[in-house]
Student: 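Could you have a look at this structure, given as structure tokens, before my questions?
Along the sequence shown, the residues carry numbers beginning at 1. Keep in mind that this is a model prediction, so the values were computed, not measured.
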Amino acid sequence: MNRFRILTLVSGIVLILGMVLWLTGTLSQFYTAVASASVLLANILLLVVLLLLATLIGALIYYFIQFSQPSDRSSTSKSLPEAPPEKIDAAGENLSAIRQQVTQIQDEIARQALLERSHRIEADLKRDYLHVVIFGTGSAGKTSIANAILGRVAGEVGAPMGTTTVGTTYRFRFKQVDRAIWITDTPGILEADVIGTEREQQARQLATEADLLLFVVDNDLRQSEQDVLRRLVEMGKRSLLVFNKVDLYTQEDLEALLIQLKGRVAEQIDPDDVVAIAAQPQAVTLDTGERVQPQPYLSPLLRRMAAVLRSEGESLLADNILLQAQRLGDEARSVIDDQRRREAEKIVDRFQWISGGVVSLTPLPGVDLLAAAAINAQMVIELGQVYGCRVNLEHARELAFSLSKTLVGLGVVKGAVELSNLALKVNVGTLVVGQAVQGVSAAYLTRIAGRSFIEYFRRDQTWGDGGMMDVVQQQFQLNRRDEFVKAFIREATERIVTPLKQSLGDTRPNSD
């Protein structure tokens, strides 16, 4: 409690005590006078006075309590603002789901890396700052902007592209923004050579973690810059387009460039979020010959940054944390999908050679039966197990039959036979040629069917907008490329043709 409040409280107590003493004396005299005429009336008047005194005492106690407690303003200023709870809750739920997903990952290194990132994002839920990232090409003046904002050196200024090799972060505060501001100067993008590419990857990662992004240019946007900016905005990054080095342009050229820039980014950025500055203006020569370094012209950027962070800061923080959780979830699903695909492809490889071997040793009377033999219901069941889908034998047979009809209808069976005929150059009897072609074709068709079913299970047991025919056709095109067919035939010769010839007692050499 400050001195003013104490003085006010003491004065109030003294005043009230004085009034009580005065009232007591006056009341005693008044009561005696009234009682001489009517005792009842004197008692009623005494009761009224006592009620008034009780009210004064209650007011005194209330006043004391109010002045003893800190004011709401003081309490509010010391506590951090709260980000929108629904977004924070959504991020927390995503992180919980991610940790459940991660348990399915077999690669220990990948699993631990994802878990550690989930813990870092969870820690961000309680951070007390907003993160601003400066992003752009190496020549746009990003470090100069950081220097000017901070009022001190944040890196080497005026050096060639690539000066900032790592993201450097500094802390400062804006008036009327409750949270501290962390500002990070990133390496330049669109630089040549391997080192430049590595720096760009780091810069892009920092950009995706920003609450607010300052995308810096010093001229009209190049297409490559525009593509990067569009992807970041589409990702959900709140961005300001900062046009630096305006001191190099005439007023007329500057106005034309600003109109052009705003037009190019109209679909991604509001015109108010395009600001023109000069972080490190060129020195000017006075009439006296003296060289003078002008002060940085940053007011449009600082005003816009402060306005955005004041009005949107909490939502930006929550959006960013939610975005990081969603991106981590996507990465976890991608790792799991790759793991499942590898397991599923092993199953397809196994069944394609089983199918090819069985068909080559047991010739089928027609192409339609060959197509049916190429689809194995047990393969469908095992693929479903990899993707966590329970498929019974009856349903697996239905799926296999439907896909076999699609293979025939699209001409894939005929194409497989033609490919096998062209690729197999074996100098054996007519019967063995037919059996070899049938066996290799069966293996090839099983592969296409198996790869098609992988896509079916990856899409949560749907064929997508194009249906089964589209998926099968796509897999057929992917598996008829020359480099694949050559490798497939070499392995088919080893796994099917050679055992077939040995089983028939034919040792004649192949003709090339």
Side-chain angles (χ1 to χ4, degrees), residues 132-177 180-192 196 199 203 212-222 225 239-262 264-265 271-310:
V132 178
V133 171
I134 308 175
F135 185 80
T137 61
S139 61
K142 304 186 311 302
T143 302
S144 298
I145 292 174
N147 291 344
I149 290 176
L150 296 167
R152 60 187 178 85
V153 175
E156 187 178 355
V157 180
M161 291 173 64
T163 299
T164 306
T165 57
V166 294
T168 307
T169 301
Y170 298 89
R171 185 183 182 106
F172 68 100
R173 299 197 75 93
F174 264 139
K175 289 183 179 180
Q176 299 180 356
V177 177
I181 312 298
W182 285 20
I183 189 164
T184 299
D185 175 23
T186 63
I189 63 171
L190 307 177
E191 298 180 15
R199 292 176 183 172
L212 178 64
L213 188 68
L214 307 184
F215 196 101
V216 184
V217 296
D218 60 356
N219 206 319
D220 190 15
L221 271 173
R222 292 179 285 177
E225 292 174 309
S239 303
L240 304 183
L241 182 61
V242 183
F243 181 22
N244 191 25
K245 303 183 182 179
V246 297
D247 57 305
L248 302 180
Y249 300 92
T250 64
Q251 187 63 31
E252 182 179 355
D253 289 342
L254 176 58
E255 291 175 358
L257 269 172
L258 279 174
I259 292 173
Q260 194 164 319
L261 278 173
K262 291 178 180 180
R264 291 194 189 282
V265 300
D272 291 339
D273 290 335
V274 179
V275 295
I277 65 167
Q280 190 182 24
Q282 286 191 324
V284 296
T285 303
L286 303 179
D287 294 338
T288 60
E290 180 184 1
R291 296 280 290 177
V292 176
Q293 179 64 52
Q295 291 295 316
Y297 174 60
L298 282 181
S299 54
L301 173 60
L302 295 178
R303 284 197 300 268
R304 191 58 185 161
M305 280 178 62
V308 170
L309 294 176
R310 276 197 300 266

Student: Please round to the nearest 0.5 Å and tell me the distance separating atom NZ of Lys142 and atom CG of Leu214.
Tutor: 11.5 Å

Student: State the CG-CG distance between Asp273 and Leu213, to the nearest 0.5 angstrom.
Tutor: 11.5 Å

Student: Tell me whether Asn244 contacts the main-chain N or O of Val216 through its side chain, where contact means a donor paired with an acceptor under 3.5 Å.
Tutor: no

Student: Once you round to the nearest 0.5 Å, how far does CG of Asn219 lie from CZ of Phe243?
Tutor: 6.0 Å

Student: Side chain to side chain contact (heavy atoms under 4.5 Å, CB included) between Leu301 and Ile145: does it pass, once the steps are laid out?
Tutor: CA-CA 10 Å; Leu301 173 60; Ile145 292 174; 4.0 Å; yes

Student: Nearest 0.5 angstrom please: Asp220 CG to Arg264 CZ, how far?
Tutor: 4.0 Å

Student: Is there a donor-acceptor pair under 3.5 Å between the side chain of Thr169 and the backbone N or O of Thr184?
Tutor: no

Student: Holding to ring pair (Phe, Tyr, Trp, His ring centres under 6.0 Å), I want the full list of residues that pass it with Phe174, two or more places apart in sequence or in another chain.
Tutor: Phe172

Student: NZ of Lys245 to CD of Gln282: how many Å apart, nearest 0.5 Å?
Tutor: 9.0 Å

Student: What distance do Arg304 atom CZ and Leu241 atom CG have between them, rounded to the nearest 0.5 Å?
Tutor: 12.5 Å

Student: With a 3.5 Å distance limit and no angle check, can you tell me whether Gln295 reaches the backbone of Pro281 through a side-chain donor-acceptor pair?
Tutor: no

Student: I need the single residue from Val133, Asn147, Thr143 that forms a side-chain contact (heavy atoms from CB on, under 4.5 Å) with Asp185. Which is it?
Tutor: Thr143

